[in-house]
Amino acid sequence: MKYLVYFFFLFSLSAFAQDKVQVQIKDSTTIKAKSIFGVDTFGTLYYATDNNTFNKKMKDTIITYANFQLGEITTANTFNPLKINLFYKDFNTIIILDNRLAEIFKVDFNTLQNYKNVSFVSTGYDNTLWIFNQDLQQLELYDYKANNIKLRTVPVQSEVLDLKSDYNNCYMLTEKYLYIYNYFGSLIAKHPNNGYETMAFSKAHLVLKKEDNLFLLSKDSDKIKPIEQPNLLISQFLVTNETLYIYHDEILRQYQLKLQ
């Protein structure tokens with residue numbers, strides 16, 4: 001009987017360990033940044049400095065964009081490097097940049113005929129942006145060149161915490177749920193929010209943060225798994241393909257996600 005109990009104890013430990021996503025340290029970089037917004041597969045780093053300048057750091061050069069009239073950059077979405085969007089929440093304005101950080105479009109929601117109070121922005125397909133309309137409490141797919149709404153989702157009843165997307169899906173984290181929509185605006189999944197505060201997303205993987213713990217939701221899974229990362233404080237985190245980045249105390253650490 002004693003051996004049987006011991007067997008089940010070892011089996012449960014093994015099952016619990018397999019249920020976690022392992023990570024392995026790959027590299028680290030020292031960088032002084034106010035906010036880090038993205039790292040692409042070539043190692044290009046997108047970040048903001050204390051003077052609210054947006055930076056694109058490549059291997060041998062850094063190019064910058066600054067719009068001091070709009071103040072602090074709230075978010076920057078670098079999923080499409082040819083159409084980077086910077087959101088200035090205090091001014092209800094979005095700036096679209098090309099891959100050389102030249103300004104190619106500006107959306108000032110204050111001056112539009114149909115005024116919108118926008119609290120979150122993320123990239124959609126073609127010339128569209130996913131925006132959260134704070135007054136209507138709903139997610140909208142906005143075509144910034146045609147200045148029209150292509151679709152609207154059902155309003156949500158709890159506070160929105162974060163918004164991430166690619167060409168195919170949009171992830172909206174609220175205090176109560178994580179909503180996943182396809183590019184038609186149809187709700188394809190809904191998960192209870194068990195204390196998650198923010199998230200990062202890249203193509204196949206969504207990473208959620210709860211205090212100083214990270215969790216992974218893969219596109220081909222409906223199960224949110226804990227990531228067994230080192231005991232680190234997390235100021236910011238990013239994910240690019242199967243690489244996890246954790247930023248704290250001016251050090252950007254790079255980890256390989258070891259997926260089963």
| note | By salt bridge (Lys or Arg N to Asp or Glu O under 4.0 Å), K26 pairs with (sequence neighbours left out) none
| With a 4.0 Å cut-off, would you call D126 and K145 a salt bridge? | no
| query | Applying the side chain to side chain donor-acceptor pair (under 3.5 Å) test to T123, which of T78, N80, T128, N85 qualifies? | reply | N85
| task | Would you mind checking if K116 and E140 are paired as a salt bridge, meaning a charged N to carboxylate O distance below 4.0 Å? | result | yes
| task | Report the C-alpha separation of H205 and E242 in whole Å, then their side-chain angles, then the decisive distance to 0.1 Å, and conclude whether the side-chain contact (heavy atoms from CB on, under 4.5 Å) test is met. | result | CA-CA 8 Å; H205 306 297; E242 295 180 1; 3.7 Å; yes
| said: Quick check against the 3.5 Å criterion: does N55 have a side-chain atom that pairs as donor or acceptor with the backbone of T53? | reply: yes
| task | Check whether any side-chain N or O of S221 sits under 3.5 Å from a backbone N or O of K223 as a donor-acceptor pair, and report yes or no. | result | yes
| Atom CZ of F184 with >12 non-hydrogen neighbours under 6.0 angstrom | no
| request: Indicate yes or no: at least one non-hydrogen side-chain atom of F237 is less than 4.5 angstrom from one of V207. | output: yes
| Looking at side-chain heavy atoms only, is the closest gap between R253 and I25 below 4.5 Å? | yes
| message | Determine whether N133 and D135 satisfy the following criterion, side-chain hydrogen bond (donor to acceptor under 3.5 Å, both in side chains), listing intermediate values before the conclusion. | response | CA-CA 6 Å; N133 189 320; D135 293 337; over 6 Å; no
| message | Contact between R152 and L139 at the side-chain level, heavy atoms closer than 4.5 Å - yes or no? | response | no
| said: Just verifying a value: how many Å separate Q256 CD and Q22 CD, rounded to the nearest 0.5 Å? | reply: 13.0 Å
| said: As a quick check of understanding, evaluate side-chain contact (heavy atoms from CB on, under 4.5 Å) for N52 and N67, giving each step before the final call. | reply: CA-CA 8 Å; N52 295 319; N67 192 320; over 6 Å; no
| Point-to-point distance, once rounded to the nearest 0.5 Å, from CG of N194 to CZ of F215 | 8.5 Å
| Atom NE2 of H248 and atom CD of Q236: how far apart are they, to the nearest 0.5 Å? | 11.5 Å
| query | Which pair of heavy atoms, one from Q134 and one from S119, lies closest together, and at what distance? | reply | OE1-OG, 2.8 Å
| field | Sequence neighbours excluded - ring pair (Phe, Tyr, Trp, His ring centres under 6.0 Å) pairs with any residue from residues 127-147 | value | F105-Y144, F109-Y142
| query | Does L206 reach the side chain of L216, with side-chain heavy atoms less than 4.5 Å apart? | reply | no
| task | State, to 0.1 Å, how close L257 and I227 come at their nearest heavy-atom pair, and which atoms those are. | result | CD2-CD1, 4.3 Å
| query | Looking at T74 and K89, what are the two nearest heavy atoms and their distance? | reply | OG1-N, 2.9 Å
| said: Main chain of I234, side chain of D212: is a donor-acceptor contact present, judged purely on distance under 3.5 Å? | reply: yes
| request: Determine whether the side chains of N99 and K83 contain a donor N or O and an acceptor N or O closer than 3.5 Å. | output: no
Show me the donor-acceptor pairs within less than 3.5 Å that the side chains of residues 170-178 make with the rest of the protein, sequence neighbours left out.
residue, atom, partner, partner atom, Å
T174, OG1, S158, OG, 3.0
T174, OG1, K176, N, 3.3
T174, OG1, Y177, N, 2.9
T174, OG1, Y177, O, 3.0

| message | Can you confirm whether I188 sits close enough to N169 that some side-chain heavy atom of one is under 4.5 Å from a side-chain heavy atom of the other? | response | yes
| task | Flag the pair Q24 / K258 as yes when at least one side-chain heavy-atom distance between them is below 4.5 Å, and no otherwise. | result | yes
| field | Side-chain donor/acceptor of N241 to backbone N/O of T243, under 3.5 Å | value | no
| Of all pairs that satisfy ring pair (Phe, Tyr, Trp, His ring centres under 6.0 Å), the ones with a partner from residues 66-87, not counting sequence neighbours | F79-Y167
| said: Determine whether K34 and E72 satisfy the following criterion, salt bridge (charged side-chain N to carboxylate O under 4.0 Å, His left out), listing intermediate values before the conclusion. | reply: CA-CA 10 Å; K34 184 176 184 179; E72 185 174 349; 3.8 Å; yes
| query | How far apart are the C-alpha atoms of Q254 and S28, what are their side-chain angles, what is the distance that settles it, and do they pass the side-chain contact (heavy atoms from CB on, under 4.5 Å) test? | reply | CA-CA 6 Å; Q254 182 178 344; S28 63; over 6 Å; no
| Mind checking who shares a hydrophobic cluster with F54, ILVMFWY linked at side-chain heavy-atom distances under 4.5 Å? | F37, Y46, M58, I63, Y65, L70, I73, I84, L86, Y88, F91, I95, L97, L101
| message | Main chain of G185, side chain of T153: is a donor-acceptor contact present, judged purely on distance under 3.5 Å? | response | no
| request: State, yes or no, whether a side-chain contact exists between L208 and I224 at a heavy-atom distance under 4.5 Å. | output: yes
| Sub-3.5 Å donor-acceptor pair from the side chain of K209 to the main-chain atoms of E211, do we have one? | yes
| query | With the threshold set at 4.0 Å, does a side-chain nitrogen-carboxylate oxygen contact exist between K219 and D166? | reply | yes
| said: Suppose clustering is done on Ile, Leu, Val, Met, Phe, Trp and Tyr with side-chain heavy atoms closer than 4.5 Å. Which residues sit in the same group as I31? | reply: I36, V39, L45, Y47, I62, L238, Y245, Y247, L252
| query | Under the 3.5 angstrom rule, does the side chain of K57 hit a backbone N or O of T44 as a donor-acceptor pair? | reply | no
| task | Start with the C-alpha gap between N92 and Y115, add the side-chain angles, then the distance that decides, and say whether side-chain contact (heavy atoms from CB on, under 4.5 Å) holds. | result | CA-CA 10 Å; N92 207 23; Y115 168 82; 3.7 Å; yes
| field | Charged N-O contact under 4.0 Å between K164 and D162 | value | yes
| Sub-3.5 Å donor-acceptor pair from the side chain of N182 to the main-chain atoms of S186, do we have one? | yes
| In Å, rounded to the nearest 0.5 Å, how long is the span from CG of L187 to OH of Y179? | 8.0 Å
